[in-house]
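Just so you know, these numbers use all the heavy atoms, side chains as well, and skip hydrogens, waters and symmetry mates. It should be emphasised that the depicted structure is a prediction, and the values quoted were computed from it without experimental measurement. Residue numbering restarts at 1 for every chain, and letters A, B, ... go by the order of the sequence lines.
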Amino acid sequence: MRVAFLGKCGAGKSSLINALFGLNLRTGSYQATTLSLQRVQASLINPGDGSSIGIEIVDTPGFAESQETKDEYLEAYAGLLPTIDHLVWVVQSHPRTFRPDQEALLDLTPAIHSSLTMTVALTRADTIGPNNWDHHAGQPSAEQLQALTEQADNVLSKLMPYAPWLTRHDIVPCSTTKGYGLSAVSERIWDALVARQGTG
Amino acid sequence: MDKKTTFLKGLFELAQSGHAPDSLRRALGSETADRLERLVSQERATNPPRVVVIGKAGVGKTTTINNLFSAEFRVSHALRGTSAAQLKEFGLRGGGVLHIVDMPGLGEGLVEDKIFEEIYREELPKADVILYVLEADERLLGEDQRIFNEVILPALADGKGRSLVVGLNKVDLLGPGSWDTALNYPDEELEKAIHGRCTDIARKLASQVRGLEAKNINYYSAELRYRLDELQITLIKAAGKAAWKLPVQTKDPFELASPEVQEIVREWREAQE
């Protein structure tokens, strides 16, 4: 079973992978760090009974990092997508720009097989405006929860024209630094892989 | 500036304000009062410097504008044919007027961009200064390169000299390192990260913005009022001849430092006096 993580440059793909699977991929803060496909073995834990299965995680270089690398990256994604069992599309929680995501989805449509399931992870949920994370409860403040709901709706409306199979349930807010929403993402991956094993 | 100029400027401001008392007209005599009115309308007719603020959606264009010239804000109205671009007029304390055009952000989506890019093509050629705002916590420059290649550079291809200023907003959100909330200033590690980010940007936009170097990138935080003075000075210089119309007056970042620190500094200042 193979799960790939795609998203804009700096969306936090490597950080999310590290947080989900206890890995140690290199992450960067002010420069793109993942420059080619990186495959790592990881174990995915069953949220139900704590058992685990071995899966392959594919970390990818972020798209839209620069015009020069665009074609090269797209080619790599197009080769990868037909071989995966679940796709995690990583989007930061606060930006308002979705054109690069739309363009990537358009370009990749031919490579996305009809049975592929997708999770859209909204990373850095802790920093969404008004940036007043509830430290006491260890979760987003009421205002942030409201903003995250609105942003999830917004993301859906921006991506759906280019990914018609997407539903609101596919969009999951999370934060790696606060450990928020990570089990929800894992659970989705687990369910998707189990469903896929059942059919295939 | 000699006394006479200062006096005339004050008189101009008063006349422009629309609140000139009748006593002023009496004191000047009707001939002089009429002349002053003519001069004021002439002054109005000369185009104020026009700064067009552009960039991707969500980079903080509006916050930047509001905090750059906060005290002098006069009026904002939608530009003809679009509710997406706002012309904001600032009546500056030192006299004169500044026009800032708050443009819609690009990159929200393919459908939105079609409309907004048309507005860019219309507005960019009218600018004296173009401020391109980037945000520090997004590494994505492919989209900015595309905006330069497909929108900005073609719109400016007429060869008329316009200044381009590159601003890097939200540097407080960058990492590693963190924002020192007591000082309202970046810590050393964050300063390093900011410089690293500037170097990366200068390299990636090198073929779009000729001669761009890391040191030419005006990094700041509009929200936390960090280095707004520097940005304003850059804009003044870029406005060239019209520079006298743009006195520096940004929101004070000190007000956002910890109240305790503020209090101590205030006490010290008072003791000095």
Rounded distance (nearest 0.5 Å) linking atom [atom1] of [X] with atom [atom2] of [Y]:
| X | Y | atom1 | atom2 | result |
| --- | --- | --- | --- | --- |
| A:Glu103 | B:Arg146 | CD | CZ | 6.0 Å |
| A:Arg99 | B:Lys56 | CZ | NZ | 12.0 Å |
| B:Glu143 | A:Phe63 | CD | CZ | 11.0 Å |
| B:Glu135 | A:Thr97 | CD | OG1 | 7.0 Å |

(request) Among A:Arg96, A:His94, A:Lys158, single out the residue with the greatest number of heavy-atom pairs under 4.5 Å to chain B. (result) A:Arg96
Would you mind writing out the side-chain donor-acceptor pairs for residues 104-112 of chain A within the sub-3.5 Å range, not counting sequence neighbours?
{"from": "A:Thr109", "atom 1": "OG1", "to": "A:Leu105", "atom 2": "O", "distance (Å)": "2.7"}
{"from": "A:Thr109", "atom 1": "OG1", "to": "A:Leu106", "atom 2": "O", "distance (Å)": "3.4"}

Looking at [X], I want to see if its [atom1] is surrounded by more than 12 non-hydrogen atoms of other residues, nucleotides or ligands under 6.0 Å.
| X | atom1 | value |
| --- | --- | --- |
| B:Glu223 | CD | no |
| A:Glu75 | CD | no |
| B:Glu263 | CD | yes |
| A:His169 | NE2 | no |

(request) Examine whether an atom of A:Tyr162 lies under 4.5 Å from a heavy atom of chain B, and if so say whether it belongs to the side chain, the backbone or both; otherwise answer neither. (result) side chain
(request) Please look at B:Ile201 and chain A and tell me whether the side chain, the backbone, both or neither of the residue comes under 4.5 angstrom of a heavy atom of that chain. (result) neither
(request) With a 4.5 Å cut-off on heavy-atom pairs, point out which of B:Gly107, B:Gly105, B:Gly58 contacts chain A the most. (result) B:Gly107
(request) Sorted by first residue and then second, give each ring pair (Phe, Tyr, Trp, His ring centres under 6.0 Å) pair with at least one member in residues 145-185 of chain B; sequence neighbours left out. (result) B:Tyr132-B:Phe148, B:Trp179-B:Tyr226, B:Tyr185-B:Tyr226
